[in-house]
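Just so we're on the same page: letters track the sequence lines, and every chain starts at 1.
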Number of protein chains: 2
Amino acid sequence: MIDKQSPIPIYHQLEEQIKKKIESGEYSPGDSIPSEREYAEELGISRMTVRQAITNLVNEQYLHRIKGKGTFIAEQKLEQKLTGLTSFTEDMLARGMTPSNKLIHFEIIPAKESLAKELDIREHSPIYEITRVRLAENVPMALEKTYISANLIKGLTEKIVQASLYQYIEEELDLKIGKASQVIEASLANKEEIELLDIDKHSPILLMKRITHLEDGNPFEIVKSSYRADRYKFMIDLER
Amino acid sequence: MIDKQSPIPIYHQLEEQIKKKIESGEYSPGDSIPSEREYAEELGISRMTVRQAITNLVNEQYLHRIKGKGTFIAEQKLEQKLTGLTSFTEDMLARGMTPSNKLIHFEIIPAKESLAKELDIREHSPIYEITRVRLAENVPMALEKTYISANLIKGLTEKIVQASLYQYIEEELDLKIGKASQVIEASLANKEEIELLDIDKHSPILLMKRITHLEDGNPFEIVKSSYRADRYKFMIDLER
DNA sequence: GGTAATAACTGGTATATACATATGTTATTG
DNA sequence: CAATAACATATGTATATACCAGTTATTACC
């Protein structure tokens, strides 16, 4: 199970081993794992090394320790992700609804000043402009306009956008997605929203603007969404 | 500096000592701290004990380590708190504005069914109902209605509410505040909002409902806020 | 049978030590 | 003079060991 000759640290090997057993369901929330001394003897390694592996998993909230009793598989591990970065598709699935898309526009345009500034690129640099209507259970839910720096994210096609943009960026382009900042405000529907979302004049709209960054801090995407206020609410969990 | 006889673990004493130097400004972001071996020799403790202290501070993002170079004071430490639980007062101060209040109502009423359910108490149990207009730079910003379980939070007065409710709960009642969940939606202003917030008919309103829990998981407070959409935006940071 | 002491676990703290690996400086060499 | 080798120093990994402090089951006693 443990390869002492491997360049991968022993504690890291053990971490992965325990993680797998949690993710595969072999260990379930509330279960206790073998004691530190058992692991040490079983694997022929020092207890302190076992502790280092377990300590890391405790910090990542996979496990929690109780003095005198043992080490246990943590509950949840889901909650904290509610403040995490999710796509419309993930969001709807989490709410138990079936998401779909209607692509309205897909083109490359020169960046206007405000967008260029927010994407930290030069004015008139090429950016993708993608306009979509997002539906849940085939009812229009939001109008979404995505702006992506074309020099940073290359080779984008309609197909990729309709499949999974984030997956393409992380797996095909080997770029890592980092933090995002979101601004949420309320407004009244404009002509385009009234038309595409099939709502009345004077309808309230929930506006969301998100700037997504790569792990190195470079912004690569701006998403402006107009949600139908009668069908959508933002839910956020706050800590402490 | 370090009391080996103290029941407080040595690594914890060292943690606090380093933290203080960071918070007092004696160490600034980017500075390096003494090496692990220096600390060990200086304080007459083992290097592994020093490592335990530093590792904890690295996990809390006070410090970061660079192999071969040293351990350094981390930047920021502010960003992550933007997703944290803040009061209207803190929120406005963070935006560089001066907050104030106008108390509209303060009374104890029996809980209606929906509120009772959300506060996890019996119907008709007594709850405080506190209605306030929140102002920034003396301009109405939001109408805020707070409902607090009177059996859980005892001895509340108008004065306390106007001062700092959370401080009272944590310091006077010795209860710890835990997580909160927030729902944000958009709507059109109702009569009360039009009147108290001094806005026009058909004005869009940003509605926020927050349920705040104690550390033990018990909900103790429900806040329903109606923000003027022309003056207020929610800003959220998302990870990963 | 009930209870109190005890033994046998658990994780928590702390030490001393060794070598690995990344980094920066200094001395050496071509 | 520049490339390189050697060294010093930093954190990273790993071991072995000791004792402390909660928890639980067993044992011995009344």
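Under a 3.5 Å cut-off, the side chain of B:H213 and the backbone N or O of B:G178 do not form any donor-acceptor pair.
The interatomic distance linking B:E36 (CD) with C:dT17 (P) rounds to 17 Å, in whole Å. Rounded to whole angstrom, the span from the CD1 atom of B:I10 across to the C1' atom of D:dC20 amounts to 13 Å. Rounded to whole Å, the distance from OH on A:Y39 to C1' on C:dG11 is 15 Å. Look at CD on B:Q5: it is 11 Å from P on C:dA14, rounded to the nearest Å. One can place CD1 of B:I8 at 15 Å from C1' of C:dG12, the figure rounded to the nearest angstrom. Atom OH of B:Y11 and atom P of D:dC20 are 17 Å apart (whole Å). B:I66 has its CD1 atom 15 Å from the C1' atom of D:dT9, to the nearest Å. Here C:dT13 presents its P atom at 18 Å from CG of B:L43, a figure rounded to the nearest Å.
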Could you pull out all donor-acceptor pairs under 3.5 Å where a side-chain atom in residues 31-43 of chain A meets a protein atom, sequence neighbours excluded?
unit_1 : atom_1 : unit_2 : atom_2 : d
A:D31  : OD2    : A:S28  : N      : 2.9
A:S35  : OG     : A:E38  : N      : 3.1
A:E36  : OE1    : A:R47  : NE     : 2.9
A:E36  : OE1    : A:R47  : NH2    : 3.0
A:E36  : OE1    : A:R51  : NH1    : 3.3
A:E36  : OE2    : A:R51  : NH1    : 3.0
A:E36  : OE2    : A:R65  : NH1    : 3.0
A:E38  : OE2    : A:S35  : N      : 3.3
A:Y39  : OH     : A:Y27  : OH     : 3.4

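Between A:M48 and A:T71, it is A:T71 whose nearest contact on DNA chain C lies nearer the 5' terminus. Residue-to-nucleotide proximity on DNA chain D shows that, of A:S6 and B:E38, the 5′-proximal contact is made by B:E38.
Between B:F106 and B:Y128, the two ring planes are tilted [angle within 30° to 60°].
Within a 6.0 Å radius of NZ in B:K19, other residues, nucleotides and ligands contribute more than 12 heavy atoms. Remark: B:R122 CZ is loosely packed, at most 12 non-hydrogen atoms of other residues, nucleotides or ligands lying under 6.0 Å away.
At a threshold of 4.0 angstrom between heavy atoms, the contacts of A:I45 are confined to the sugar-phosphate backbone, with no base atom among them. Among the atoms of the strands shown, none is found under 4.0 Å from any heavy atom of A:Q13.
At least one side-chain nitrogen or oxygen of A:R51 sits closer than 4.0 Å to the OP1 or OP2 atom of C:dG12. Distances shorter than 4.0 Å separate none of the side-chain N or O atoms of A:R47 from OP1 or OP2 on D:dT17. Regarding contacts with the backbone of C:dA14, every side-chain N or O of B:S46 stays at 4.0 angstrom or more from both OP1 and OP2. A close approach under 4.0 Å does not occur between any side-chain nitrogen or oxygen of B:K67 and OP1 or OP2 of C:dG24. Phosphate proximity of D:dT9 to B:S35: absent, as no side-chain N or O sits under 4.0 Å from OP1 or OP2. Using a 4.0 Å cut-off, no side-chain N or O of A:R65 falls inside it from OP1 or OP2 of C:dT10. For B:Q52, no side-chain nitrogen or oxygen approaches OP1 or OP2 of C:dA14 to under 4.0 Å.
Taking the side chain of A:K69 as heavy atoms from C-beta on, and the options D:dA14, D:dT23, C:dT15, the nearest nucleotide is D:dT23. When distances run from any side-chain atom of B:P9 to the nucleotides C:dT13, C:dG12, D:dT15, the shortest one goes to C:dT13.
Residue A:R37 places a side-chain atom within donor-acceptor reach of the base of C:dG11, judged by atom type and a 3.5 Å distance cut-off alone.
Salt bridge absent: A:K20 and A:E16 never bring a charged side-chain N and a carboxylate O closer than 4.0 Å.
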